[in-house]
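Here the structure comes first, spelled out in structure tokens, and everything after it is commentary.
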Amino acid sequence: MNSLDSEILALMRRVSKTAILPRYQRLSPGDIDEKGINDFVTIADRESEQMLAEALSRLEPSLAVVGEEAAHEDPAILDALQGPCWIIDPIDGTRNFASGSPPFGIMIARAEGGLARSGWIYDCLTERFCSAHLNEGAYIDGSRITAMPTGQTKPIAAISLVFARAERRKLLQEEIAPHYQLVDIPYCAAEQYPRLALGTNDVSVFERTLAWDHAAGVLWLNEASGKALRPDGSAYLVSETGRTGLLAASNERLWEQLASRLQESP
């Protein structure tokens, strides 16, 4: 584990123990707000983001900071995704956290030119630490990892329908789902991406592709020899803020199979 990874891990642990875990299963109704349908924010999200943003700004002052909650309050912050920046998801899986259930975690990415160059995913309850740097491989707790499929004859799929439009939902349910064993989505990208590398799931389909949800995970999975790209095969760029659709798989064959089925569907 290099010095930057060690520093980020120490930061994530500190924020988890200070701002997040003390409020886990102890939130009052007044500690939870709804930003939109199936989109929540808690006092712990806000405190976590503030701590992370301050620490990352000290670590590399030249980089802009794009945090989920700050961007919700001021969408102009998203303009910083066009240049070098830190990207923060202070609690990924807030829906779970707010209900007192796992999984949830912290996600941080460092991006430049629209691409994530470094990414970190921390599970607050298990302390699993995923890290990746562009062209340097993917790691869990300091050990290099190569993604592996489940080996099931009918691949296992976690397909998110939460933010899909009606016609897209119908397509996924009727044309894509029958080819897979469907499992529940964890409502947490910090858990979903590791599942694609650890032999738990084979493929995932995402509709909403916000930078804080996917920058670190896409990089990490690709560096683990999995595959995460837009449905047309183009790279996921954090700077494409209005674009939807993302396919992820534990290997190239499974990704190509899923993408082909989507392209052939009416």
Side-chain angles (χ1 to χ4, degrees), residues 9 11-52 67-69 72 88-109 119-130 140-141 150 156-164 169 172-173 177 180-218 220-221 246 248:
L9 173 57
L11 171 61
M12 288 172 144
R13 278 178 173 161
R14 184 169 67 252
V15 171
S16 178
K17 291 178 180 178
T18 303
I20 299 174
L21 292 183
R23 296 187 182 276
Y24 181 49
Q25 299 179 334
R26 296 180 177 87
L27 293 168
S28 66
D31 293 332
I32 306 169
D33 294 320
E34 191 167 3
K35 296 186 291 186
I37 298 174
N38 292 307
D39 196 3
F40 300 90
V41 61
T42 73
I43 187 172
D45 292 82
R46 295 187 174 107
E47 290 180 357
S48 172
E49 182 165 304
Q50 183 176 355
M51 291 180 67
L52 292 165
E68 176 180 4
E69 307 314 331
H72 176 72
I88 301 171
D89 193 337
I91 302 180
D92 184 73
T94 297
R95 169 179 169 155
N96 301 332
F97 177 78
S99 67
S101 304
F104 55 89
I106 302 170
M107 304 180 80
I108 299 173
W120 302 271
I121 307 171
Y122 180 74
D123 186 304
C124 296
L125 293 175
T126 68
E127 297 194 84
R128 179 185 62 205
F129 178 63
C130 301
I140 293 181
D141 298 328
T150 66
I156 296 177
I159 300 177
S160 177
L161 302 174
V162 177
F163 298 103
R169 187 179 297 112
L172 292 169
Q173 290 174 325
Y180 298 92
Q181 296 182 60
L182 297 187
V183 294
D184 291 338
I185 61 171
Y187 294 97
C188 176
E191 172 64 18
Q192 187 58 61
Y193 281 103
R195 287 184 182 184
L196 289 165
L198 295 173
T200 304
N201 293 168
D202 290 301
V203 300
S204 287
V205 179
F206 303 98
E207 289 301 300
R208 191 172 74 164
T209 61
L210 301 171
W212 40 82
D213 289 329
H214 296 283
V218 165
W220 183 82
L221 184 61
L246 180 64

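Here the side chain of N96 pairs a donor or acceptor atom with the backbone of P103 at under 3.5 angstrom. Formation of a donor-acceptor pair under 3.5 Å by the D141 side chain with backbone atoms of F129 is found in this model. Side-chain N or O atoms of D92 include one that pairs as donor or acceptor with a backbone N or O of A190 at under 3.5 Å.
Scanning both residues, D31 and R23, for their nearest heavy atoms gives OD2-NH1, 4.4 Å. In terms of heavy-atom proximity, P194 sits nearest to A189 at CD-O, 4.1 Å. Nearest heavy-atom pair, I140 versus C130, reported as atom, atom and distance to 0.1 Å: CG1-SG, 4.0 Å. The two residues L196 and A248 have their closest heavy-atom pair at CD1-CB, 3.6 Å.
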Please step through side chain to side chain donor-acceptor pair (under 3.5 Å) for the pair D45 and T42, ending with a clear verdict. CA-CA 5 Å; D45 292 82; T42 73; 2.6 Å; yes
Show your working on side chain to side chain contact (heavy atoms under 4.5 Å, CB included) between L125 and F104 and close with a plain yes or no. CA-CA 8 Å; L125 293 175; F104 55 89; 3.7 Å; yes
Evaluation steps, side chain to side chain contact (heavy atoms under 4.5 Å, CB included), between Y122 and R13: CA-CA 8 Å; Y122 180 74; R13 278 178 173 161; 3.2 Å; yes
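At a threshold of 4.5 Å between non-hydrogen side-chain atoms, the residues E127 and M12 do not count as touching.
Between Y24 and F97, the ring-plane angle classifies as parallel under the 30° and 60° cut-offs.
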